[in-house]
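Working notes, structure below.
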Amino acid sequence: MKKARFENILDLVGQTPIVRLQSPEKLKKHQFFAKLEYLNPSGSVKDRLGQALIAGAEKRGELKPGGTIVEATSGNTGLGIAMAAAVKGYKCIFVMPEKVSTEKRAILRAYGAKVVICPNSVDPEDPRGYIQVSLRIAKDTPGSFYANQYHNPDNFKVHEQTTGPEIWQQMEEDIDVLVGGMGTGGTLSGCASFLKQKSKNIKIVCADPVGSILYDLFYHKKIVTPPAPYKVEGVGEDMLPDNVRLNLMDAMVQVNDQEAFGEVRKLVLEQGICVGPSCALALVAAYKYAEKLETPAKILVIFPDSGRAYLSKAFNDQWMQENGFLNQSEIKNSFNREVFVDEEYPQ
């Protein structure tokens with residue numbers, strides 16, 4: 001019988017299920033699967049990381065009882081840290097770019113964290129940027145620990161030691177392709193490290209948003225197209241984190257905002273899976289990669305977080321239209337739009 005009672009919420013992190021997806025008609029020869037990391041207790045794959053960063057800091061003596069954790073985050077790592085910090089009695093300060101959804105900001109505050117918002121379109125070294133601000137806050141806060149998810153090796157290790165083995169076991173040692181996005185890089189790189197030790201035939205594919213530099217660094221070893229703003233949160237980079245292991249990747253597939261935000265709505269309407277735009281971005285990349293495969297393949301896509309964190313964006317017709325992802329006719333003909341009873345169903 002599956003265990004159903006635990007000591008605290010942190011014991012529920014991990015062992016997320018894998019579900020088979022419906023394949024598009026033109027890709028019927030392939031089998032697509034999704035690892036539902038959004039079913040972790042705070043709603044994302046970053047629950048694994050939150051625990052790992054804190055445990056590592058405690059072990060090294062970098063985080064003392066009553067201390068403050070400072071981190072630059074697009075939201076999900078903050079949530080993973082905040083959940084673990086609430087159980088363990090730490091304070092949190094999270095610094096994030098202003099493009100992060102209002103839902104993520106609100107839930108971080110609900111966990112008792114202080115949230116600091118920074119402008120989006122600034123260079124990585126700009127003192128107003130969220131990473132530079134977080135470094136400054138950590139330096140100025142007594143008893144603080146800077147989690148440093150981009151470069152902290154605990155990020156890579158936790159996925160090499162937990163997520164990768166779960167995938168291998170749940171797929172019954174039968175997987176041809178793993179697809180995921182990379183922001184800090186820990187999830188996909190850590191999984192890749194483990195899986196490639198099990199089978200050299202497994203291909204690792206990174207889904208990179210248009211505007212990120214990772215695609216250029218992988219194929220050209222330098223930045224060809226300067227970084228540019230994009231709307232998908234939590235994936236892609238304008239600098240190279242230590243946890244992004246390009247040597248473990250077999251391919252990079254670029255996906256634009258229009259494709260990602262369109263697919264995220266199709267996922268919930270056609271497959272009943274409500275996830276965030278980065279999940280849809282990875283799925284679109286999986287489809288694009290699969291189109292070039294001659295033989296049938298089992299393709300697993302990592303779905304990092306829940307769509308509930310994006311109700312004000314991806315599932316908001318007005319926001320989608322304002323950002324060019326939805327036209328007026330699509331809104332008018334949408335069955336799932338909200339109406340007042342007297343407007344459409346008068347007495």
Side-chain angles (χ1 to χ4, degrees), residues 27 32 34 45 72 74 76-77 97 99 120-126 129-131 149-151 155-156 159 176-193 195-196 202-264 275-293 297 299-305 314 323-325:
L27 296 172
F32 293 90
V45 64
S74 59
N76 287 328
T77 298
K99 77 174 184 179
N120 285 327
S121 302
V122 295
D123 294 331
E125 302 304 319
D126 191 303
Y130 75 121
I131 292 178
Q149 60 173 317
Y150 293 91
H151 307 296
N155 185 352
F156 176 90
H159 295 292
D176 299 300
V177 183
L178 175 68
V179 185
M182 284 204 291
T184 67
T187 302
L188 191 59
S189 296
C191 290
S193 177
L195 292 173
K196 282 183 173 292
I202 296 175
K203 302 300 181 183
I204 309 297
V205 179
C206 174
D208 202 37
V210 173
S212 166
I213 66 170
L214 299 181
Y215 181 91
D216 279 357
L217 293 179
F218 181 75
Y219 284 111
H220 306 294
K221 313 304 180 187
K222 63 180 181 179
I223 300 173
V224 177
T225 304
Y230 50 89
K231 298 296 183 181
V232 177
E233 299 175 26
V235 287
E237 279 302 338
D238 56 5
M239 51 86 175
L240 184 62
D242 290 346
N243 285 310
V244 170
R245 310 289 176 88
L246 295 178
N247 63 304
L248 293 173
M249 301 298 115
D250 293 289
M252 288 257 179
V253 178
Q254 283 188 309
V255 179
N256 63 39
D257 280 336
Q258 182 79 49
E259 293 170 311
F261 281 93
E263 187 64 34
V264 80
V275 290
S278 66
C279 305
L281 178 137
L283 184 58
V284 171
Y287 290 159
K288 289 183 174 183
Y289 185 79
E291 287 176 359
K292 300 177 181 179
L293 297 178
I299 302 169
L300 175 65
V301 185
I302 298 174
F303 280 4
D305 68 352
N323 286 277
F325 304 143

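Quick note: numbers below take in every heavy atom, side chains included, and nothing from hydrogens, waters or symmetry partners.
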Do L248 and I204 make a side-chain contact, defined as non-hydrogen atoms from C-beta onward lying under 4.5 Å apart? no
What is the distance from atom CG of D176 to atom NZ of K203, rounded to the nearest 0.5 Å? 10.5 Å
Intermediate values then yes/no, side chain to side chain contact (heavy atoms under 4.5 Å, CB included), L27 and E291: CA-CA 7 Å; L27 296 172; E291 287 176 359; 3.8 Å; yes
All pairs passing salt bridge (charged side-chain N to carboxylate O under 4.0 Å, His left out) where residues 242-257 contributes a residue, at least two apart: K196-D250
Do V253 and V179 pass the side chain to side chain contact (heavy atoms under 4.5 Å, CB included) test, and can you show the C-alpha distance, the side-chain angles, and the key distance before you say yes or no? CA-CA 10 Å; V253 178; V179 185; over 6 Å; no
Any residue meeting side-chain contact (heavy atoms from CB on, under 4.5 Å) with D305, in chain and number order, not counting sequence neighbours: S44, N76, K104, S278, C279, Y310
What side-chain donor-acceptor pairs closer than 3.5 Å can you find for residues 207-214, not counting sequence neighbours?
residue, atom, partner, partner atom, Å
D208, OD1, S212, OG, 2.8
D208, OD2, S212, OG, 3.1
D208, OD2, Y215, N, 2.9
S212, OG, L214, N, 3.3
S212, OG, E237, N, 3.0
S212, OG, E237, O, 3.4

Using atom types as modelled and distance alone, determine if a side-chain donor or acceptor of K99 lies under 3.5 Å from a backbone N or O of Y230. yes
To the nearest 0.5 Å, tell me how far N155 CG sits from Y150 OH. 10.0 Å
S189 side chain vs N243 backbone, donor-acceptor pair below 3.5 Å: yes
For D216 against I223, the heavy-atom pair lying closest together: OD2-C, 3.9 Å
A side-chain contact here means heavy atoms from C-beta on lying under 4.5 Å apart; do F261 and V232 qualify? yes
For residues V235 and G181, report the shortest heavy-atom separation together with the two atoms involved. CG1-CA, 3.9 Å
Could you measure the distance from the OG1 atom of T187 to the CZ atom of F156? Nearest 0.5 Å is fine. 11.0 Å
Might you point out which heavy atoms bring L283 and E263 nearest each other, and give the distance in Å? CD2-OE2, 3.8 Å
Roughly how far, to the nearest 0.5 Å, is CG of L195 from CG of L300? 8.5 Å
Do you know the tightest heavy-atom contact between C206 and M249? CB-SD, 4.0 Å
At their closest point, which heavy atom of P277 faces which heavy atom of V264, and how far apart are they? N-CG2, 3.9 Å
Would you say the side chain of V177 lies within less than 4.5 Å of the side chain of Y289, judging by non-hydrogen atoms? yes
Which value, rounded to the nearest 0.5 Å, describes the distance between M182 atom CE and L240 atom CG? 8.5 Å
N256 (side chain) donor-acceptor with Q258 (main chain) under 3.5 angstrom: yes
Under 3.5 Å: donor-acceptor pair, side chain of Y219, backbone of M252: yes
Nearest heavy-atom contact between A282 and V301 is CB-CG1, 3.6 Å
